[in-house]
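The structure presented is a predicted model; accordingly, all values stated were derived computationally and were not measured. Just follow the structure's listing: the first ligand is 1, and inside any ligand the first atom is 1. All values below were derived from every heavy atom in this structure, side-chain atoms included, with hydrogens, water molecules and symmetry-related copies excluded.
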Amino acid sequence: MELSYQAIKTANQAREADELRTETRRRNILILIYHHLTEQGYMDAARTLDQETSVGLRRFEVCDNVDLETVLMEYESYYYIKFQKHPKLTKKVLEPVESRQPRSCGKKSPPLPRIGSSRRPQSGVKKESKMVAKETSKPSSGNGHYSPPESCDFGLNVSSIPRNGAGEGPLPRKLIDYRGLIQDALKGAAADTLPTPFPPSQERLLKPISALSGMNSEMKELAAIISRDIYLNNPNVHWDDIIGLQAAKRLVKEAVVYPIKYPQLFTGILSPWKGLLLFGPPGTGKTLLAKAVATECNTTFFNISASSIVSKWRGDSEKLVRVLFELARYHAPSTIFLDELESVMGQRTGQGGEHEGSRRMKTELLVQMDGLARSDDLVFVLAASNLPWELDHAMLRRLEKRILVGLPSCPARQAMISHWLPPVSCTGGVELRTDLTYETLAQETEGYSGSDIRLVCKEAAMRPVRKIFDALESHQEGKSDMPVIELETVTTEDFLEVITHSKPSARSLTDRYSAWETEYESV
Ligand code: ADP
């Protein structure tokens, strides 16, 4: 008997605690909405909400680092990590909002007890509400009651609370341990789903910088500058778009993709590379490889070019480097792509010639790279250089893996030409035909980079197009009927003719790259 009385008492207490949490959560939702409306300048709507809910919303303010937008962004991030897609939060209604019936079919829900009533000790309310709201003044003695906006779901997955038949108030809702769920999702994601491709045609969502702890306002400003160099839009370069470069692709995947996908394999001696250098002649696909990393891997991609460091970061470079790595850790897993590395990290002279700020920036970059090497953070530095012999040796040591992205081989050149000049293609609604001996052209383009070959293909394709410009121009002048446009076929001779007028941009440096590779290539 004694036991069952105790059990009932405990059950009642648990139910009361649940009810209290539910009530606090609902009130917090209203406070967040009220705060959002006032922030956005919807003062009338905010006032009406305050009057309708009778909670006394004005007596509360939102705690630091929380607002409706942050809550939504966190939810979106959580959802994305768990399901690899963005949540759908709102949808168009078939009938306008005004004519919709409340979800509860018109049955008004019984009011929740007044906040601060004797049944709910004020101290308990305060303790719970700390998560989101803090009171701005003492509660008034008004007798306002809180009616949950049951019919209104704000486009969120907020469901109405099921009621028992007698309408005795809300049944306690089952509490969901979201923190645990997020951790599970992260574990699961790290174990088997990451990295997933960049969401197609969608903007990447980032955690708000405002939630970054330990940064003063100056640092946050710098963080905002760097955040502009994060790829938010899909660069849309896939591994298959890169012709040839099989070894480079494999090594990049080994360095960036697999450690995130199979973390259990990359421990101890197999701990992931922290830095990788792509070096080689210009136009051979180094940037393309980096873009493929950004497209194909679910890492936050910082696209840092020397020009942006030198021009935009002037003066603040040293601090910006520190913030860059801090941000990368915050948004991890991250890839920091340093393009044209020789312009940022040329050899330090140690003499008066070098600017003091530049020397400090280089030192900071080295310090940050060391920090990465000592940590387990999933932050990876991918660097590219056309002039590796100009690089600072201390930096080179920290870029443990060095890969030559060389001039394309004969089969790769053939694949490129047939890719850019297929037998039939369509440009601007006009059919372009080619009649090319791809093998011959591949042999004739030895020493050309991928970028050179693309230019030659473009020039060859322009030849028949040029021939129709006269017809097009005379049509415009005379305003006669549009002539039927038919382009001449691009032939092997056209292509060879273009080659005789162009020179490969990097053939002269081939030996130097090979010599440097022999001396510095990592194992
Ligand atoms: P860099 O090595 O100087 O970073 P990029 O990656 O910017 O060269 O390449 C320049 C352009 O050349 C690319 O946008 C692409 O059109 C072409 N290109 C170069 N190499 C390749 C390749 N291996 N496969 C496909 N396109 C390539």
Inset, instruction - Indicate yes or no: does Arg360 engage Glu364 in a salt bridge with an N to O separation below 4.0 Å. - result: no

Legend entry - Taking atom 22 (C) of ligand 1 as the reference point, the nearest protein heavy atom with its distance: Met416 CE, 3.6 Å

Legend entry - Main-chain N/O of Phe301 paired with Thr299 side-chain donor or acceptor, under 3.5 Å: no

Legend entry - Leu276: which of Leu382, Val293, Leu399 passes side-chain contact (heavy atoms from CB on, under 4.5 Å): Leu382

Legend entry - For atom 16 (O) of ligand 1, closest protein heavy-atom neighbour: Arg454 CD, 3.0 Å

Inset, instruction - Say whether Ser514 and Asp511, considering side chains only, have a donor N or O and an acceptor N or O under 3.5 Å apart. - result: no

Legend entry - Salt-bridge present (Glu459, Arg466; N to O < 4.0 Å): yes

Inset, instruction - State, without any angle test, whether Glu439 and Gln443 hold a side-chain donor-acceptor pair at a distance under 3.5 Å. - result: no

Inset, instruction - Determine yes or no for a side-chain-to-main-chain donor-acceptor pair under 3.5 angstrom, with Thr434 supplying the side chain and Leu436 the backbone. - result: no

Inset, instruction - Answer yes or no: does an N/O atom from Asn386 fall short of 3.5 Å to an N/O atom of ligand 1? - result: no

Legend entry - For atom 11 (C) of ligand 1, closest protein heavy-atom neighbour: Ser451 CB, 4.1 Å

Legend entry - Candidate with minimal heavy-atom separation from atom 5 (P) of ligand 1, of Gly285, Ala248, Ala412, Ala384: Gly285

Legend entry - Heavy-atom nearest neighbour of atom 18 (N) of ligand 1 within options Asp240, Leu288, Ile243: Leu288

Inset, instruction - Please identify which atoms of ligand 1 are closer than 4.0 Å to at least one heavy atom of Pro282. - result: 3 (O)

Legend entry - Parallel, tilted or perpendicular, as decided by the 30° and 60° cut-offs, for the rings of Phe279 and Trp516: perpendicular

Inset, instruction - Considering heavy atoms of the protein only, find what lies nearest to atom 4 (O) of ligand 1 and give residue, atom and distance to 0.1 Å. - result: Thr287 OG1, 2.4 Å

Legend entry - Which residue and heavy atom of the protein sit nearest atom 1 (P) of ligand 1, plus the separation: Gly283 N, 3.5 Å

Legend entry - Expected output: side-chain Arg402 to main-chain Leu396 donor-acceptor under 3.5 Å: yes

Inset, instruction - Examine ligand 1 and decide if any of its atoms is less than 4.0 Å from a heavy atom belonging to Asp241. - result: yes

Inset, instruction - Identify, by atom number and element, the atoms of ligand 1 in contact range of Ile242, meaning under 4.0 Å from any of its heavy atoms. - result: 23 (N), 24 (N)

Legend entry - Side chain, backbone, both or neither: Phe279 near ligand 1, heavy atoms under 4.0 Å: neither

Legend entry - Sub-4.0 Å atoms of ligand 1 with respect to non-hydrogen atoms of Leu245: 23 (N)

